[in-house]
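Notes for the one structure printed next.
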Amino acid sequence: MVGKPIGVVSCDRLSNTIAPLRRYMDIKTSAQFEDLYRALLLPRLIEEKMLRLIRQGRLSKWFSGYGQEAIAVGCAYALEDADYLLPMHRNLGVWTTRGLPLEKLFCQLMGKQGGYTKGRDRTFHFGLPEKNIVGMISHLAAMLPVADGLGLAAQLSGEKRVALAFVGEGASREGDFHEALNLASVWKLPVIFVVENNGYGLSTPTRNALPVENLVDAGAGYGMNAVMVDGNDVLEVIKEVSKARKYAIDGNGPTLLEMKTFRMRGHEEASGTKYVPEELMEMWATKDPVARYEKKVAKHVSAALRKSIRTELSERIEKVADWALLQSEVTSTTEIELADVFAPQPVTDAPKFANGNTRDLTNGSAGNPVNGKETTPEKEVRFIDAISEGLRFAMRQEPKTILLGQDIAEYGGVFKVTQDFVEEFGKERVRNTPIIESGAIGATLGLALAGYRPVIEMQYFDFITCGFNQIVNNLATTHYRWGSPVNVTIRAPFGGGIGAGPFHSQSMEAWFCHTPGLKVVIPSSPQDAHDLLIASINDPNPVLFLEHKKMYRSIKGPLSEAYSHTPLGSASLVREGDSLTIVTYGMGVHWAVSEAAFWAEKGVKIEIVDLKTIVPWDRDAVLASVRKTNRVIVLQEGPKTAGFGAEISAQIAESVFEHLEAPPIRLGGLDMPIPFSKQIEDEVYSAHSRLRSAIESVLAY
Ligand SMILES: Cc1ncc(C[n+]2csc(CCOP(=O)(O)OP(=O)(O)O)c2C)c(N)n1
């Protein structure tokens with residue numbers, strides 16, 4: 001790679017930017033050594049400036065990478081611009097080496113107007129798609145599975161690019177570390193995992209957290225290439241990352257690089273280093289990466305030149321910092337903030353029809369016995385078949401639709417939703433994952449950021465808890481924090497009534513409704529399941545799509561032979577009435593329909609609103625119905641306390657109180673784990689067993 005054009009870090013006084021660097025696998029000429037010197041020195045000098053600002057009380061918080069610059073700079077330097085970088089809290093050198101305008105970077109670091117996250121997230125928690133940098137969340141190790149997804153995207157598209165993710169040795173004990181390394185190795189993904197072993201995880205020394213002396217020894221356990229690197233030698237970092245990159249793009253899979261270094265400052269500036277023995281600090285001070293590099297390349301970059309570079313960069317930093325400090329604090333409005341929680345939905349999801357049919361739903365929703373008006377032929381299908389068909393449609397519609405899940409390929413999934421999919425779409429697009437919910441969900445984020453639209457199947461909804469962090473903190477927050485849409489659909493068979501006990505029966509949708517940035521869909525009819533699944537996959541936001549497993553084979557209904565866009569967030573009036581409204585979703589719709597038939601014989605007309613999507617939910621439809629009937633039961637299958645029904649009920653009370661002739665009643669499962677015994681589940685736990693008496697009391701009020 002010698003002979004690539006030379007790039008120089010320069011102060012471009014016109015554009016006020018530091019020019020992006022060029023990268024070399026092999027640095028030989030004096031100009032190249034000078035170029036790298038500038039790259040290494042820049043984050044050091046910015047750090048020093050930030051530390052001065054903290055001492056002056058002009059900056060609130062700072063996570064220092066002082067003494068560790070060779071790692072961030074070396075990694076970014078060794079990669080191509082197309083490669084993905086996933087930096088952590090001590091990796092300022094990633095940003096500077098990728099050539100960000102210092103003005104904007106400083107605004108971000110100081111929380112000023114004009115920063116990358118518009119004041120929505122702190123210091124280094126932001127991604128920059130145009131620079132192929134993916135932003136971290138606070139949760140340690142959570143970005144490692146995301147790197148897998150980016151690597152998978154590169155592998156699927158045949159692009160020669162890698163994803164490099166950083167993690168501290170402390171965070172390497174998190175499950176995401178193990179899940180990510182495992183997945184990358186099994187799928188031979190072009191990913192480089194860089195462990196920055198800096199001696200401490202907050203106050204805990206490495207020896208108290210790791211059962212092995214060297215993390216590279218763990219590489220064998222993942223069947224992975226693993227190399228120990230002197231993390232304070234920028235040339236060695238560049239050499240090893242370059243080798244790992246070549247190894248990855250040649251199709252050999254991931255590499256684990258353990259980079260030994262030391263944290264020379266407190267965990268964050270305010271916390272100090274009292275617990276670190278003096279001798280350690282002194283010993284590592286002798287290995288300072290900037291001083292070492294200066295010594296090593298003295299004959300290429302003279303003392304005089306180094307001095308002038310230092311002066312030039314320092315002056316530039318002072319100037320930018322002074323300017324940034326004068327920028328205004330971030331301000332915004334409710335409208336602006338709420339508008340960015342979700343990526344805007346396209347006006348239509350413009351389906352490319354698999355069979356050329358179209359269907360007009362403007363007069364109502366399909367599968368809706370009251371106001372549906374079908375214009376194309378229908379067939380009678382089971383709930384599960386409608387889901388399979390919807391999924392198949394989405395797969396045909398867009399080749400970037402990728403399915404992931406446990407046992408979903410040849411086996412067809414435990415419920416057989418993806419039976420025969422491998423035959424039609426191939427194993428690249430229908431992928432069995434290891435048993436790693438968090439690792440696999442994290443990987444879907446990477447795929448989505450790279451332009452794919454992954455659909456992941458949870459084997460059972462209950463196991464989604466093992467991937468909770470990725471969903472609520474990573475998928476759901478990304479668009480709001482730094483603007484990248486996250487088109488991921490998580491399918492999950494949920495619900496009880498099948499005698500499956502506490503861990504295969506849960507309806508815990510409420511956990512996810514409390515998570516801004518995530519949509520939650522719960523269809524009750526085959527047609528809705530089909531159409532809403534396609535709409536979910538077309539939606540540029542993370543969507544949790546819950547499929548009631550008891551309904552898979554017990555519920556049948558018409559399915560139109562064509563697809564028409566059904567927007568997320570609109571409810572159906574399943575049955576019209578005037579005495580009482582039941583607002584519900586999922587299995588509750590079927591309970592309500594059979595109960596309404598019973599009351600109809602007594603002349604009581606019950607109206608049923610099927611929400612279909614609970615985030616966002618159709619408030620207008622609910623309130624309109626309650627205004628009409630003046631009595632309401634909100635019915636859910638999951639436990640009553642803090643269930644989603646509580647939200648609906650509260651909003652009814654807040655908004656149409658004066659229309660109510662009885663208090664809004666919430667009906668849900670008992671607040672207890674779901675019992676294995678069918679008798680206890682059906683007759684004690686289930687809300688269904690209490691529906692009739694609830695209706696009686698609301699009518700009698
Ligand atoms: C999941 C999670 N647990 C705890 C924390 C709080 N925390 C932030 S940094 C840190 C220490 C991290 O140590 P290490 O991974 O070695 O990285 P270093 O800070 O040393 O670079 C801790 C415990 C967190 N951010 N995320």
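These numbers come from a predicted model, not from an experiment. All heavy atoms count here, side chains included; hydrogens, waters and symmetry mates do not. In each ligand, atom 1 is the first atom listed, and ligand 1 is the first ligand listed.
- No cation-pi contact links K287 to F262, judged by a cut-off of 6.0 Å to the six-membered ring centre and 45° from its axis.
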Taking only distance into account, with no hydrogens and no angle test, what donor-acceptor pairs under 3.5 Å do side-chain atoms of residues 208-224 form with protein atoms, sequence neighbours excluded?
from	atom 1	to	atom 2	distance (Å)
N214	OD1	K260	NZ	2.8
Y222	OH	H178	ND1	2.3

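- Applying side-chain contact (heavy atoms from CB on, under 4.5 Å) to Q68 and the options M259, E196, R265 leaves one that passes, E196.
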- Begin from the C-alpha positions of H267 and F63 and carry the test ring pair (Phe, Tyr, Trp, His ring centres under 6.0 Å) through to its verdict. CA-CA 7 Å; H267 166 65; F63 287 91; 5.3 Å; yes
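- Counting only N and O atoms by type, the side chains of N198 and T261 include no donor and acceptor under 3.5 Å apart.
- Protein residues lining ligand 1, listed by chain and number: H89, R90, S138, H139, L140, G168, E169, G170, A171, E174, N198, Y200, G201, L202, H267 [non-hydrogen atoms, distance under 4.0 Å].
- A salt bridge does not link E236 with K296: none of the charged nitrogens is closer than 4.0 Å to a carboxylate oxygen.
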